[in-house]
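What follows is one structure encoded as structure tokens, with my remarks underneath.
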Amino acid sequence: MTKKQSSILIQINVPHTESHSLKESIGRREGNVTIPPHRVEPFSETLSHSTAMNLSFIRCCTGPSDGVFNHHVCQNHQLVMDSIPADAHTREVFYVGGEYVDDGTGNETVYGQVYVEHLVPVRKPLQKYPVIFIPGSSRTGIDFLTTPANNDNNTNSPTQQSWSSHFLSLSHELYLIDPPFRGRSPWHPPTHLSSSSSSSPYLTFGAASLQKAWATPPSSTQWPDSPPAGKGSPAFDHVMKSTHPQLANLAEEQSVAQKSLAALLDKIGKPVILLAHSMGCKIAWLLADARPGLVRAIVAVEPAGPAFQMRGMGGLRKEPTVFGLTEVRLGFEPAVGEGGEGLRRRLVKPGEEGLLECWLQDDGEAGEVRKLVNLRRVEVLVVTGEGSPHRGYDWGTVEFLRQAGVEGVEHLVLRGEVGGVLERRGGGGNGHMMMLERNRGRIGEVLGEWVGRRV
């Protein structure tokens, strides 16, 4: 009797609400078909994915076509990997940093720990540098995972993809954090917290043209609520419901974050890319200063600034930023005092019409400025939205970094005419919360391309 070879396709459905071991799923009976678990070792990772996955695995089957097959895993692993969604990943969570302190009642509690969500792409090989996502003021790592409720329905399209999904699809290992005392990183009394009012997202995220901090009204066209609307509109409510109180003392928050996240860098043990947003960029500067050998690049999305006197939703802050970019001392050379003594400044006019004056270091008669020696070799991309208040003053942050000796600083304004980069990918018009806006996936592509080109 002649034997012939056959092939069989097994469909495995993995719901989005669960994580499944491929080894367990494949090693079960499918009708008359049994796949031995010991033959699927290359695919035994636990999968977790933000949407339902249909994983189709092709098995090479040999033997008589009488319903009893001698199954083995097909040697062409690429056929299997091609069936796995590009952003499929394993997931673990843990805490780093923190120290035991007296809680005032004679008991001890842990203070300053940071929640970390660690995502590892299933697709191999991994990129050389992991990416750490650092959220902005009153925000958590969820900003890089989810999107406002009324964005376009096709959330799997390149335009709608979250930034975490995009970097997973590029095979970057990811770490998403909640800064100290916020979200899943616990706070403890008597820690003093501050919160955002309902007017804050409206002015900064959804209706940047109302923001008086910018000299020329910008064009904000990518916010999901169109026209920009307040309470009751889906995107606005998404931002407000995911807004957290944060530590009122910025210097304390930055100091604790620097210490705890330096512990994360030590745990990872190899250079990383920091992708930070807004106030999270202050933490990024401090991390690169504390662990210069472990930070390869910083993608600073609309960094809090400009130097020396930060602008916020109500215009200029009264309190100066004594160390230029941060409220915690950076490693300048020559060194500066504990109160920023020795760091002189002068007001500089912009080189482009319509932008705002910003402070830079005063080089004085000797023409000397203090250098950020630990950031010198770090590649930096500052990203600014065309429709954001930051359009008026991010240039000052860029020039401060260059003046302080940071060699690889690049400034990208997201507008159509910049090399046609966004014109062919969904247009400009982005505001401060661009990771939640309509063309967020296209921006993620631009950021990923910069990382691939410069890092």
Side-chain angles (χ1 to χ4, degrees), residues 97 99 101 111-112 134 137 179-181 191-192 194 246-263 265-266 274 276 278-295 298 300 303-312 315-348 356-378 380 382 393-407 409:
E99 57 185 12
V101 296
Y111 181 84
I134 307 175
S137 176
F181 319 112
T191 305
H192 298 293
S194 62
Q246 69 173 51
L247 201 62
N249 186 325
L250 295 181
E252 183 179 1
E253 179 181 67
Q254 291 167 33
S255 177
V256 173
Q258 182 187 38
K259 185 175 181 179
S260 292
L261 290 175
L265 294 183
D266 293 340
L274 304 178
S278 193
M279 292 285 281
C281 296
K282 290 178 176 281
I283 299 173
W285 311 134
L286 289 165
L287 272 180
D289 190 53
R291 296 290 189 275
L294 293 178
V295 176
I298 298 174
F308 293 112
Q309 194 164 26
M310 188 170 60
R311 290 183 178 272
L316 285 172
R317 290 176 61 93
K318 294 180 180 179
E319 305 82 8
T321 308
V322 294
F323 299 105
L325 298 178
T326 63
E327 281 70 24
V328 174
R329 183 161 49 175
L330 289 162
F332 286 98
E333 190 176 290
V336 301
E338 292 186 2
E341 296 85 2
L343 200 59
R344 299 175 300 178
R345 60 179 183 168
R346 62 185 175 91
L347 197 59
V348 178
L356 298 171
E357 293 182 329
C358 293
W359 294 95
L360 297 178
Q361 288 192 63
D362 185 359
D363 49 12
E365 295 181 0
E368 294 179 352
V369 296
R370 295 170 192 261
K371 303 295 186 179
L372 291 168
V373 292
N374 291 333
L375 275 69
R376 183 179 60 178
R377 301 295 187 187
V378 177
V380 176
V382 174
Y393 53 82
D394 273 358
W395 74 269
T397 301
V398 171
E399 291 305 318
F400 178 88
L401 289 166
R402 289 172 176 165
Q403 187 187 41
V406 183
E407 297 173 354
V409 183

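For reference, positions follow the sequence shown, starting with 1.
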Are the side chain of [X] and the backbone N or O of [Y] linked by a donor-acceptor pair below 3.5 Å?
X    : Y    : answer
N374 : P292 : no
W359 : G396 : no
Q254 : E327 : yes

Among all residues two or more places apart in sequence or in another chain, which pass the side chain to side chain donor-acceptor pair (under 3.5 Å) test with [X]?
X    : result
R345 : none
T326 : none
E399 : R402

Should the ring pair F400 and F332 be called parallel, tilted or perpendicular, given that the plane angle runs from 0 to 90° and is split at 30 and 60?
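The arrangement is perpendicular - the two ring planes meet at more than 60°.
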Check step by step if side chain to side chain contact (heavy atoms under 4.5 Å, CB included) holds for I134 and L287.
CA-CA 11 Å; I134 307 175; L287 272 180; 4.2 Å; yes
Closest non-hydrogen atom pair between [X] and [Y], with its separation:
X    : Y    : result
I283 : A257 : CD1-CB, 3.8 Å
L286 : R329 : CD2-O, 4.2 Å
L265 : L294 : O-CD1, 3.7 Å
Q246 : S137 : OE1-OG, 2.7 Å
W285 : P303 : CZ2-CB, 4.2 Å
A304 : M279 : CB-SD, 3.5 Å

Nearest 0.5 Å please: distance from the [atom1] atom of [X] over to the [atom2] atom of [Y].
X    : Y    : atom1 : atom2 : result
R344 : R370 : CZ    : CZ    : 7.5 Å
Q403 : L372 : CD    : CG    : 10.0 Å
L401 : L360 : CG    : CG    : 10.5 Å

Within the 4.5 Å heavy-atom criterion, are [X] and [Y] side-chain neighbours or not?
X    : Y    : value
P320 : Q309 : no
V256 : Q258 : no
V378 : L274 : no
V322 : L343 : no

Step by step, work out the side chain to side chain contact (heavy atoms under 4.5 Å, CB included) result for R376 and V406.
CA-CA 4 Å; R376 183 179 60 178; V406 183; over 6 Å; no
Could you check V348 against R346 for side chain to side chain contact (heavy atoms under 4.5 Å, CB included), going step by step and ending with a plain yes or no?
CA-CA 6 Å; V348 178; R346 62 185 175 91; 3.4 Å; yes
Around [X], counting heavy atoms of other residues, nucleotides and ligands shown, do more than 12 lie under 6.0 Å from its [atom1]?
X    : atom1 : value
K259 : NZ    : no
E338 : CD    : no
E333 : CD    : no

Side chain to side chain contact (heavy atoms under 4.5 Å, CB included) assessment of L250 paired with T321:
CA-CA 10 Å; L250 295 181; T321 308; over 6 Å; no
